[in-house]
Amino acid sequence: MPHVRLAFIADIHGNQDALEAVLADLQAQGAERLYVNGDVVNRGPDSVQALETLLNLTPQPMFVLGNHDDLMRLWLTRDEALPGDWFDDPFWAATAWSAGQLEQAGLIDAMLSWPLTQHLSWSGMPTIELAHGTAAHYRESLSPHTPESRLIELLDESGTGLLIGSHTHKPMVRTVEGGRLVLNTGAVGAPFNEDPRAQYLLLDSAQGRWEPILRAVPYDRSGVLSRFEKSGLLAEGGVSAEIFREEVRLARSLYTPYWMWTENAGKPRTPESWSQFRAEFPERFM
């Protein structure tokens, strides 16, 4: 069969500069098809621009729903899947800001049709299951810590030879029983592997198998970091917006460790506890 090169991007999280860098790179790399594996929006200041950019591409990419994409709908409809006290908690102001921006731009409906999984078939090649997390849940992670038994179970349930996930913001290539591949795209807009470059996945067809190529594209982060302020997100989004900005700056997860620390310590998520967290764990911010 003719050679095929596919591109998979995810976790853009409202970072237009990272998205533009990746779109230019995948074009230069000769990618023929683009798949967007969720979490286009939220966290960063550019949710509207990033989503519009992808929707206006020709040909339009195939999309998979991510948890942050879905969160925008859940937030705006005050869905019972979310704890009721979140809607009045200042900690969630950044989420409310992003959801409001997308609603004002008329873009929420664009995400409602995105499926939770895509099965991709190419003649003579292993079938691919694409999901933001897994087919079981968009928050289930494919990571180096996922037991091989679980990966085999997911592969067997899907009937495919290759799983592609995202969600962890860390790229990964794993081979499991039978030589089957489990891949993670990494994150375009907010990597958590301490590499600030915009990261994504290419797949090449080669003699009946898929060969993964993990790409990391440098870009100038000063623009997106400054737009946290210029857009109003930092002023209106409070602590969570500051956390998201620091995650882009440091290419490191801070939201989850802070959340777990407040849970364990019984502390509210406030500017004061965020300052305490920073003082207690200075190594996370170096």
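The model shown is predicted, which means the values in this text are computed figures rather than measured ones. FYI, the numbering just counts along the sequence from 1. These numbers come from the heavy atoms of this one structure, side chains and all, not from hydrogens, waters or symmetry mates.
For the pair Asp69 (side chain) and Gly66 (backbone), a donor-acceptor distance under 3.5 Å is present. In this structure a side-chain-to-backbone donor-acceptor pair under 3.5 Å is present from Gln60 to Leu55. With hydrogens and angles disregarded, no donor-acceptor distance shorter than 3.5 Å links the side chain of Arg252 to the backbone of Asn193.
Ring geometry for Phe277 against Phe281 counts as tilted: the plane angle lies between 30° and 60°, on a 0 to 90° scale. Between Phe285 and Trp274, the ring planes are perpendicular. Angles over 60° get that label, and only those under 30° would be called parallel. Between Phe91 and Trp259, the ring-plane angle classifies as tilted under the 30° and 60° cut-offs.
Side-chain contact check for His132 and Asp39: at least one donor-acceptor pair (N or O, by modelled atom type) lies under 3.5 Å. Side-chain contact check for Glu272 and Gln276: no donor-acceptor pair (N or O, by modelled atom type) lies under 3.5 Å. In summary, the side chains of Asn37 and Gln118 do not present any donor paired with an acceptor at a separation below 3.5 Å, with no hydrogens or angles considered.
If you chain together hydrophobic residues whose side chains sit under 4.5 Å apart, Val48 and Leu65 fall into the same group. Following chains of ILVMFWY side-chain contacts shorter than 4.5 Å, one cannot reach Met172 starting from Tyr35, and the two form parts of different hydrophobic clusters. Residues Val40 and Val64 do not share a hydrophobic cluster, clusters being chains of Ile/Leu/Val/Met/Phe/Trp/Tyr side chains in contact below 4.5 Å.
Applying the salt bridge (Lys or Arg N to Asp or Glu O under 4.0 Å) test to pairs two or more places apart or on separate chains, those with a residue in residues 133-155 are Glu140-Arg150, Arg150-Glu153.
Across all non-hydrogen atoms, the minimal contact from Leu6 to Trp210 is CD1-CH2, 3.8 Å. Here the closest heavy-atom approach between residue Thr185 and residue Ala10 is recorded as OG1-CB, 3.6 Å. Summarising the geometry of Thr262 relative to Pro268, their closest heavy-atom pair is CG2-O, 4.2 Å, with the distance given to 0.1 Å.
A cation-pi contact, defined as under 6.0 Å to the ring centre and within 45° of the axis, is absent between Arg197 and Tyr219.
For Phe244 and Tyr255, the ring centers sit closer than 6.0 Å to each other.
Note that the NZ atom of Lys267 and the OH atom of Tyr258 stand 9.5 Å from one another [nearest 0.5 Å].
Phe192 pairs with exactly one of His167, His13, His169 by the ring pair (Phe, Tyr, Trp, His ring centres under 6.0 Å) rule, that one being His169.
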Checklist entry - Do Arg227 and Asp17 pass the salt bridge (Lys or Arg N to Asp or Glu O under 4.0 Å) test, and can you show the C-alpha distance, the side-chain angles, and the key distance before you say yes or no? => result CA-CA 11 Å; Arg227 285 196 301 280; Asp17 298 344; 3.2 Å; yes
